[in-house]
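Data first, discussion second: the structure below is written as structure tokens.
Reminder, nothing fancy here: chain letters follow the sequence lines and each chain counts from 1.
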There are 2 protein chains.
Amino acid sequence: MLIKNASLIITPSEVKKNQSILIEGNIIKKIGPSKGMDKTDEVIDASGFLVMPGLINAHTHLAMTLFRGYEDNLPLQKWLEKIFPVEDRLTEKHVYWGSMLGCLEMIKSGTTCFNDMYYFMDEVAKSVGKTGIRGCLTRAISSKGNWKKRLKTMTEKIKNIKNSSRIEWILGPHAIYTCSEELLVRIKELADNYNKKIHIHVSETEKELKDCLREHGKRPVEYLDDIGLMSNRTIAAHCCWLNDKEMDILSKRGVSVVHNPVSNMKLAAGIAPVVKMLEKSINVSLGTDGAASNNNLDMFEEMKTASLLQKISMKNSLALDAKTCLKMATINGAKALGINSGVIESGKKADLILINLKSPNLKPMHNPYSTIVYSCHGENVDTTIVDGKVLMKNRKTSLDEEKIYEKIEDCKAELF
Amino acid sequence: MLIKNASLIITPSEVKKNQSILIEGNIIKKIGPSKGMDKTDEVIDASGFLVMPGLINAHTHLAMTLFRGYEDNLPLQKWLEKIFPVEDRLTEKHVYWGSMLGCLEMIKSGTTCFNDMYYFMDEVAKSVGKTGIRGCLTRAISSKGNWKKRLKTMTEKIKNIKNSSRIEWILGPHAIYTCSEELLVRIKELADNYNKKIHIHVSETEKELKDCLREHGKRPVEYLDDIGLMSNRTIAAHCCWLNDKEMDILSKRGVSVVHNPVSNMKLAAGIAPVVKMLEKSINVSLGTDGAASNNNLDMFEEMKTASLLQKISMKNSLALDAKTCLKMATINGAKALGINSGVIESGKKADLILINLKSPNLKPMHNPYSTIVYSCHGENVDTTIVDGKVLMKNRKTSLDEEKIYEKIEDCKAELF
């Protein structure tokens with residue numbers, strides 16, 4: 001496939017004008033002048049478009065699209081008390097359609113890869129297979145109920161499951177306050193044995209920090225480090241309540257952090273010290289969290305909110321500039337998930353999006369990074385390409401969108 | 001005009017299902033079952049749509065769309081030093097096309113009325129006339145240069161100018177730090193004599209507060225009150241740095257405040273005490289500020305950001321709920337500007353928008369207020385109606401969008 005005459009090609013490190021991108025299979029082969037790259041079947045004319053790496057949503061609970069806006073003006077505890085009984089009623093079918101809706105929303109807003117932690121993950125995998133997006137999938141595990149049996153099932157699965165070209169299976173202990181130390185250690189061993197990443201919630205709320213201090217006499221990151229869970233295969237979502245010592249641990253161990261500014265603000269969870277973490281060379285990526293606490297999956301909005309939140313909380317209008325936000329939403333996300341993408345370079349996976357610049361909110365363009373982060377919405381994305389395949393063009397997908405909406409209404413009627 | 005079979009009609013106070021809206025001329029005549037309302041020329045089928053009042057952007061500098069993203073990662077003072085020389089080069093033509101772009105962007109994102117403070121306001125008026133949007137227009141005035149001459153010109157203008165059905169002319173002393181006390185008092189007298197509203201920046205930054213304390217021995221709102229500028233005809237933009245006494249003054253005088261959360265965060269200006277102001281019965285509306293410090297004019301984003309900012313800064317996830325945000329962006333804005341709109345009721349001006357609910361980010365809908373404020377973007381607006389006229393339908397306007405984009409490129413080439 002040839003993406004021809006792209007007016008602008010943007011990656012966090014460089015801006016190229018009027019070049020073309022040759023894709024072979026699922027890999028970016030070459031970037032340069034169109035000449036000599038013409039002999040391909042599929043040509044996308046990208047004149048008038050900005051081409052950039054697809055966005056990577058490094059922390060979400062995809063099927064929670066079903067809960068979007070459900071009772072979301074309650075105190076956290078009461079809200080969870082409303083959510084949990086409905087989650088208990090979820091079946092495979094609900095998770096499948098909730099995930100299909102989430103995949104559709106992500107494709108339509110320029111996200112090409114996501115990192116999911118939920119239940120009935122085979123259904124999430126089916127939705128990834130069907131829609132063509134890329135995903136890291138994790139079955140959330142906690143010490144609730146018969147966890148030893150669940151861990152055994154999980155171990156069998158991890159032993160036998162094959163990653164496909166678009167699906168990576170990883171491990172997901174939910175959090176320190178839902179998992180016993182024994183379970184955490186067992187998961188760590190499993191991850192070590194099978195070289196798997198670990199996706200876990202860390203220090204989302206002040207309550208989590210205080211409970212940890214009371215129970216373990218140390219802070220969450222210290223506790224997790226002491227039992228061996230902090231490594232360069234760890235993806236720590238949130239990290240709102242960190243002190244310097246914890247940041248040093250994260251940095252030293254090479255842990256990737258996922259910042260979720262919209263969710264953190266909406267739930268009043270806390271403000272992650274993103275600028276400080278980046279100064280300490282921690283790999284900070286970006287996520288939307290579940291749609292239940294966001295309430296959409298738009299990574300453009302997430303980049304903007306990340307920047308605004310650091311600026312106001314640090315009282316510094318220079319904090320977290322646009323380029324850094326784009327980096328967090330692309331190459332940092334790719335690094336967190338261990339995906340060979342997030343940048344437009346030869347040899348990288350062909351996960352790209354085209355922004356339609358003929359939109360009033362994107363005019364004029366003085367600085368493309370500023371345009372992308374501060375002016376753009378997911379709806380400005382015209383074309384989404386994942387793994388070398390066009391999933392959306394001219395804002396049209398090949399998915400049966402009407403059917404997804406109908407099924408979502410059915411799920412809603414059944415569940416709520 | 002008949003808006004038929006609207007799936008949902010939302011105003012801040014009520015939700016109606018499957019009703020129709022009859023518009024006669026520029027006024028909403030009737031809301032109810034479609035039967036008996038059929039004899040109209042123009043019928044819009046609103047099944048599958050959510051109908052809501054058009055959003056009111058109560059503080060902006062419209063032609064600053066030209067500066068969108070220009071050098072926006074500089075410290076405030078250095079940024080202004082970049083902006084000012086370009087502003088000095090602005091001519092009528094630049095302001096006209098910058099305003100045309102702004103009007104187009106607002107129409108395409110569901111804003112039906114805006115409150116503008118800038119220069120060459122006849123050009124802004126032309127853009128309002130041409131595009132069909134509604135505007136309150138103010139020539140910014142300061143004590144710089146020959147202000148007495150400018151005040152005289154302004155006085156002549158205010159004496160003779162007629163408001164049209166869509167344009168309201170008001171007065172705009174820029175701020176206490178750019179206007180002498182004498183000028184402020186003269187503007188106040190002019191406003192009193194001609195029963196005009198006054199649009200002014202108040203307490204945007206801590207510097208403004210500190211300078212005022214040093215210079216006048218009192219805080220900005222106290223100072224303005226002492227010289228008679230705080231009345232129910234005053235529209236005070238920003239108000240980030242208020243104490244209780246100042247809020248009591250604003251409340252007692254019936255001043256309308258405009259909150260600009262995105263701009264305040266982006267410039268790290270401060271966090272307005274919105275919840276407290278509302279508790280004190282102050283009319284708080286919502287604005288985007290200029291695109292130079294936002295960097296778009298999307299009032300949906302502004303509503304969401306307003307809510308998120310209060311929640312995180314008050315450490316309370318219940319702060320500033322969705323319904324209140326919608327109120328701020330509609331009826332509170334209408335009250336601030338003295339416009340008979342902001343709600344869908346018979347007798348009100350027909351400023352309405354239709355949201356296309358067939359969009360993945362809006363599915364499912366558990367609570368329409370939550371959907372509007374937390375999930376929606378301006379691009380989800382399908383139809384925009386101002387003063388009884390359809391300005392956009394199926395996301396198509398009758399404006400020559402290509403021409404606007406070309407002219408904006410010309411302006412950019414000339415100015416920067």
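Residues B/Asn295 and A/Ser370 bring a donor and an acceptor atom of their side chains to less than 3.5 Å of each other.
B/Ala63 and B/Ser99 get closest at one heavy-atom pair: CB-OG, 3.8 Å.
For A/Leu357, no part sits under 4.5 Å from any heavy atom of chain B, backbone or side chain. The contact between A/Ser375 and chain B is made by backbone and side chain atoms together, counting heavy-atom distances below 4.5 Å. Only the side chain of A/Lys108 comes within contact range of chain B, with at least one heavy atom under 4.5 Å from a heavy atom of that chain. Contacts between A/Tyr369 and chain B at a heavy-atom distance below 4.5 Å are absent for every atom of the residue. Looking at B/Val373, neither its backbone nor its side chain comes within 4.5 Å of chain A, counting heavy atoms on both sides. If you measure heavy-atom distances from A/Glu206 to chain B, you find no contacts under 4.5 Å at all. Residue contact with chain A, scored on non-hydrogen atoms closer than 4.5 Å, involves the backbone of B/Met365 exclusively. In this structure, chain B has a heavy atom under 4.5 Å from the side chain of A/Asp72, while its backbone stays farther away. Residue B/Glu401: no heavy atom, backbone or side chain, is found under 4.5 Å from chain A. In this structure, no portion of A/Met314 lies under 4.5 Å from any heavy atom of chain B. With a 4.5 Å cut-off on non-hydrogen atoms, A/Leu308 touches chain B through its backbone and its side chain both. Interface remark: B/Leu267 contributes backbone atoms only to the contact with chain A (heavy atom separation under 4.5 Å). For a residue to count as touching a neighbouring chain, one of its non-hydrogen atoms must lie under 4.5 Å from one of that chain's; by this rule A/Ile404 does not touch chain B.
For the side chain to side chain donor-acceptor pair (under 3.5 Å) with A/Asn57, the qualifying choice from A/Thr112, A/Asp298, A/Thr288 is A/Thr288, the only one to do so.
Between chain A and the residues B/Asn380, B/Leu101, B/Asp321, the most heavy-atom pairs under 4.5 angstrom are made by B/Leu101. Looking only at heavy-atom pairs under 4.5 Å with chain A, the residue among B/Thr371, B/Asn367, B/Thr305, B/Asn294 that has the most is B/Asn294. For chain A, the option among B/Leu76, B/Leu104, B/Leu297 with the highest count of heavy-atom pairs below 4.5 Å is B/Leu104. Of the listed residues (B/Glu301, B/Lys266, B/Lys412), the greatest number of heavy-atom pairs within a distance under 4.5 Å of chain A belongs to B/Lys266. Interface check for chain B: of the options A/His366, A/Lys323, A/Lys315, the most heavy-atom pairs under 4.5 Å are formed by A/His366. By number of non-hydrogen pairs under 4.5 angstrom with chain B, the leading residue of A/Phe416, A/Tyr405, A/Trp79, A/Tyr70 is A/Tyr405. Chain A forms the most heavy-atom pairs under 4.5 Å with one residue out of B/Lys358, B/Lys363, B/Gln310, and that residue is B/Lys363. Between chain A and the options B/Lys304, B/His377, B/Glu71, B/Glu105, heavy-atom pairs under 4.5 Å are most frequent for B/His377.
Interatomic distance, B/Cys411 SG to B/Glu406 CD, rounded to the nearest 0.5 Å: 12.0 Å. Taking CG of A/Asn260 as the start and OG of A/Ser293 as the end, the distance is 8.0 Å to the nearest 0.5 Å. Atom CG of B/Leu399 and atom CE of B/Met100 lie 5.5 Å apart (nearest 0.5 Å). Taken to the nearest 0.5 Å, the CG atom of B/Asn316 stands 10.0 Å off from the OG atom of B/Ser313. With rounding to the nearest 0.5 angstrom, the CG atom of B/Asn264 is 6.5 Å from the NE2 atom of B/His259. Atom NZ of B/Lys407 is separated from atom OH of B/Tyr96 by 10.0 Å, given to the nearest 0.5 angstrom.
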- Task: Show your working on salt bridge (charged side-chain N to carboxylate O under 4.0 Å, His left out) between A/Arg89 and A/Glu414 and close with a plain yes or no.
- Result: CA-CA 9 Å; A/Arg89 290 200 291 278; A/Glu414 281 172 33; over 6 Å; no
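A donor-acceptor pair under 3.5 Å is absent between the side-chain atoms of B/Asp382 and the main chain of B/Leu354, judged by distance alone. Formation of a donor-acceptor pair under 3.5 Å by the A/Ser317 side chain with backbone atoms of B/Ala268 is not found in this model.
Residues A/Leu278 and A/Thr324 form a side-chain contact, since some pair of their non-hydrogen atoms from C-beta on lies under 4.5 Å apart.
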